[in-house]
Amino acid sequence: MRIAIGADHAGYALKTILIAHLQAQGIEVLDFGTHGPDAVDYPDYARAVAEAVARGEADYGVLICGTGIGMSITANKVPGIRAAAVSDVYTAKMSRAHNNANILCLGGRVVGPGLAQEILDVWLRTPFEGGRHERRIAKIRALETDCGKRP
């Protein structure tokens with residue numbers, strides 16, 4: 001498994017913890033930055049990770065900013081991405097099981113390291129249930145296509 005990860009300055013500290021956590025499990029990590037605590041613009045990192053996932057260079061992505069919201073809004077602009085801002089284990093599980101989320105967005109100012117690791121583990125091991133949920137994912141794909149055709 002290959003995970004693309006990125007963060008802004010508010011998510012930098014949590015990103016370093018999650019990278020170590022993933023690597024300890026033998027998971028390959030592609031680190032798209034930021035590489036320090038200096039202020040940066042979250043859309044740059046969200047785009048890089050989302051495009052890597054959309055191109056198939058990574059199986060999943062993890063994005064971290066202050067709340068996870070800005071990263072999720074930005075990543076969801078990339079066709080094929082279903083990014084979920086998550087701050088609890090149940091929502092993490094449902095974002096995979098029902099929405100087939102391919103990017104997990106966390107808030108470095110919202111979720112502590114222990115909970116973030118638990119959320120990430122549950123998110124990675126929860127399979128997409130398919131079935132009735134596949135029909136809904138197909139509607140999301142159709143919306144991306146339809147909106148792409150408009151001026």
Side-chain angles (χ1 to χ4, degrees), residues 1-131 133-134 136-138 140-141 143-144:
M1 181 182 306
R2 182 180 292 164
I3 305 292
I5 193 166
D8 70 0
H9 53 284
Y12 169 71
L14 184 56
K15 179 183 73 110
T16 61
I17 291 167
L18 294 181
I19 287 172
H21 180 71
L22 290 166
Q23 290 174 334
Q25 297 176 61
I27 295 172
E28 183 180 354
V29 177
L30 303 174
D31 184 356
F32 285 85
T34 193
H35 300 292
D38 295 334
V40 295
D41 298 330
Y42 66 83
D44 300 332
Y45 303 93
R47 181 178 185 166
V49 168
E51 288 180 343
V53 172
R55 286 191 301 264
E57 295 168 10
D59 299 299
Y60 300 106
V62 176
L63 290 166
I64 311 153
C65 62
T67 63
I69 296 168
M71 288 291 201
S72 67
I73 290 170
T74 306
N76 280 316
K77 302 295 183 194
V78 176
I81 295 304
R82 291 171 307 282
V86 170
S87 58
D88 63 82
V89 174
Y90 179 76
T91 306
K93 184 176 180 177
M94 291 300 101
S95 75
R96 287 285 309 128
H98 291 188
N99 308 114
N100 201 15
N102 51 14
I103 296 183
L104 173 66
C105 300
L106 298 167
R109 295 177 178 152
V110 177
V111 178
L115 179 56
Q117 290 174 39
E118 185 179 357
I119 287 169
L120 178 56
D121 289 346
V122 166
W123 191 80
L124 287 173
R125 73 173 175 256
T126 301
F128 177 50
E129 290 179 3
H133 305 295
E134 184 57 49
R136 297 163 186 157
I137 299 303
I140 294 170
R141 284 190 207 107
L143 179 61
E144 289 173 338

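This is a predicted model, so every value here is computed, not measured.
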> Is the closest side-chain heavy-atom distance between Thr34 and Tyr45 below 4.5 Å?
Replying inline: yes
> What closest approach, in Å, do Asp88 and Tyr90 show between heavy atoms, and which atom pair accounts for it?
Replying inline: OD1-N, 3.1 Å
> Once you round to the nearest 0.5 Å, how far does CG of Asp44 lie from CZ of Phe32?
Replying inline: 13.0 Å
> Tell me, do Leu120 and Leu22 make a side-chain contact under 4.5 Å, heavy atoms counted?
Replying inline: yes
>> Donor-acceptor check, side chain of Ser72 to backbone of Ile69, threshold 3.5 angstrom: yes or no?
In response: yes
>> Within the 4.5 Å heavy-atom criterion, are Arg125 and Val122 side-chain neighbours or not?
In response: yes
> Do Asp41 side-chain atoms and Pro43 backbone N/O form a donor-acceptor pair below 3.5 Å?
Replying inline: no
> How many angstroms lie between atom CD of Glu57 and atom CD of Glu51, to the nearest 0.5 angstrom?
Replying inline: 9.5 Å
>> Within this structure, what is the CD-CD1 distance for the pair Gln23 and Ile3, rounded to the nearest 0.5 Å?
In response: 11.5 Å
> Does any non-hydrogen side-chain atom of Lys15 lie less than 4.5 Å from one of Asp31?
Replying inline: yes
>> Please give me the minimum heavy-atom distance between Leu106 and Ala116, naming the atom from each residue.
In response: CD1-CB, 4.3 Å
> Which atoms form the tightest heavy-atom contact between Ile137 and Asn99, and what is the distance?
Replying inline: CD1-O, 3.1 Å
> Which is it for His133 and Asn100 under the side chain to side chain contact (heavy atoms under 4.5 Å, CB included) test, yes or no, and what are the steps along the way?
Replying inline: CA-CA 8 Å; His133 305 295; Asn100 201 15; over 6 Å; no
>> Does Leu124 form a side chain to side chain contact (heavy atoms under 4.5 Å, CB included) with Tyr60? I'd like the steps, not just the answer.
In response: CA-CA 9 Å; Leu124 287 173; Tyr60 300 106; 4.0 Å; yes
> Within a strict 4.5 Å, meaning less than it, do heavy atoms of the Val53 and Val78 side chains meet?
Replying inline: no
>> Please determine whether the number of non-hydrogen atoms from other residues, nucleotides or ligands lying under 6.0 Å from atom CZ of Arg82 exceeds 12.
In response: yes
>> So, taking the atom named CD in Gln117 and the one named CG in Leu18, what distance separates them when rounded to the nearest 0.5 Å?
In response: 6.5 Å
> For Cys105 and Gly68, which heavy atoms make the closest approach, and how far apart are they?
Replying inline: CB-O, 3.4 Å
> So how far is it from Ile64 CD1 to Leu104 CG, rounded to the nearest 0.5 Å?
Replying inline: 8.0 Å
> How close do Asn102 and Gly80 get, heavy atom to heavy atom, and via which atoms?
Replying inline: ND2-O, 2.9 Å
> Counting only N and O atoms by type, is there a donor-acceptor contact under 3.5 Å from the side chain of Arg96 to the main-chain atoms of Pro127?
Replying inline: no
> Going by heavy atoms in the side chains, are Leu63 and Asp8 under 4.5 Å from each other?
Replying inline: no
> Quick one: OG1 on Thr74 to CG on Asn76, what's the gap to the nearest 0.5 Å?
Replying inline: 9.0 Å
>> Give me the atom names and distance for the closest heavy-atom approach of Ala50 to Ile81.
In response: O-CD1, 3.4 Å
> So, does Gln25 use its side chain to make a donor-acceptor pair with the main chain of His21 at under 3.5 Å?
Replying inline: yes
